[in-house]
Amino acid sequence: MAASGVAGPTRTEVLQLYRSLLRVARQFSDYNIREYSKRRTIDAFRDNKNLTDPSQLSAAFSDGKAQLEVAKRQALVYSLYAPKVKSIMDIKPS
């Protein structure tokens with residue numbers, strides 16, 4: 001059998017998704033959520049690093065794009081209801 005007809009995402013598209021997820025993670029005002037989003041992104045890409053099957057690659061990529069949309073919406077909601085007081089982790093030492 002030849003190729004299954006499913007073309008996986010290109011390396012550029014995957015890197016663009018990775019950077020976009022990390023950029024959205026930086027938009028969260030809460031330290032814990034920001035770090036969780038960043039850690040989850042890094043871990044997910046590390047776990048999927050060795051995927052070679054085009055259908056699995058496409059599934060992981062579309063899941064990542066869906067997660068990006070969720071993260072964008074959540075960042076917007078969190079910005080609307082951001083606490084007035086900074087977290088102790090966000091305060092820079094003088």
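What you see is a predicted model; the values in this text were computed from it and never measured.
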Student: Report the distance from atom CZ of F28 to atom CD of Q74, rounding to the nearest 0.5 Å.
Tutor: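 Between atom CZ of F28 and atom CD of Q74 there are 6.5 Å.
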Student: In Å, rounded to the nearest 0.5 Å, how long is the span from OG of S58 to CG of L51?
Tutor: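 One finds 10.5 Å between OG of S58 and CG of L51.
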Student: Would V14 and I42 show up in the same hydrophobic cluster when neighbours are defined by side-chain heavy atoms closer than 4.5 Å?
Tutor: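 Same cluster.
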Student: Calculate, to the nearest 0.5 Å, the distance between atoms CG and OG1 belonging to L68 and T41 respectively.
Tutor: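 If we round to the nearest 0.5 Å, L68:CG and T41:OG1 are 9.0 Å apart.
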Student: Between R40 and D43, does any side-chain N to carboxylate O distance fall below 4.0 Å?
Tutor: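 Here R40 does not pair with D43 in a salt bridge, since their nearest N and O are not under 4.0 Å apart.
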Student: Decide yes or no for L15 and R11: does some side-chain heavy atom of the first lie under 4.5 Å from some side-chain heavy atom of the second?
Tutor: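 Touching, per the 4.5 Å side-chain cut-off.
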Student: Mind checking whether P9 and L57 have side chains closer than 4.5 Å, heavy atoms only?
Tutor: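 Yes - at least one pair of side-chain heavy atoms lies under 4.5 Å apart.
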Student: Using only atom types and a distance under 3.5 Å, with no angle test, would you say the side chain of R26 pairs donor to acceptor with the backbone of R34?
Tutor: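 Side chain of R26 to backbone of R34: no pair is present.
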Student: Counting distance only, does the side-chain N/O of E35 pair as donor-acceptor with the main-chain N or O of N32 below 3.5 Å?
Tutor: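 Judged by distance alone, no pair lies under 3.5 Å.
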Student: Looking at CD of E69 and OG of S20, how far apart are the two atoms once the value is rounded to the nearest 0.5 Å?
Tutor: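 The OG atom of S20 is 9.5 Å from CD of E69, to the nearest 0.5 Å.
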Student: Looking at A75 and Q27, what are the two nearest heavy atoms and their distance?
Tutor: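 For A75 versus Q27, the nearest heavy atoms are CB-OE1, 3.9 Å.
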Student: Looking at CG of N50 and CD of Q56, how far apart are the two atoms once the value is rounded to the nearest 0.5 Å?
Tutor: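 Answer for the CG-CD pair, N50 versus Q56, is 11.5 Å.
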Student: Determine whether N48 and F61 make a side-chain contact, defined as any pair of heavy atoms from C-beta on separated by less than 4.5 Å.
Tutor: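 No. Closest side-chain heavy atoms not under 4.5 Å.
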Student: How long is the span from the CG atom in D30 to the OH atom in Y78, to the nearest 0.5 Å?
Tutor: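 Here the interatomic distance stands at 7.5 Å.
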Student: Apply side-chain contact (heavy atoms from CB on, under 4.5 Å) to V77 and R73, showing your working.
Tutor: CA-CA 6 Å; V77 169; R73 284 194 306 269; 5.6 Å; no
Student: Establish whether L22 and F45 are linked, either directly or via other cluster members, by ILVMFWY side-chain heavy-atom contacts under 4.5 Å.
Tutor: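 Cluster IDs for L22 and F45 match.
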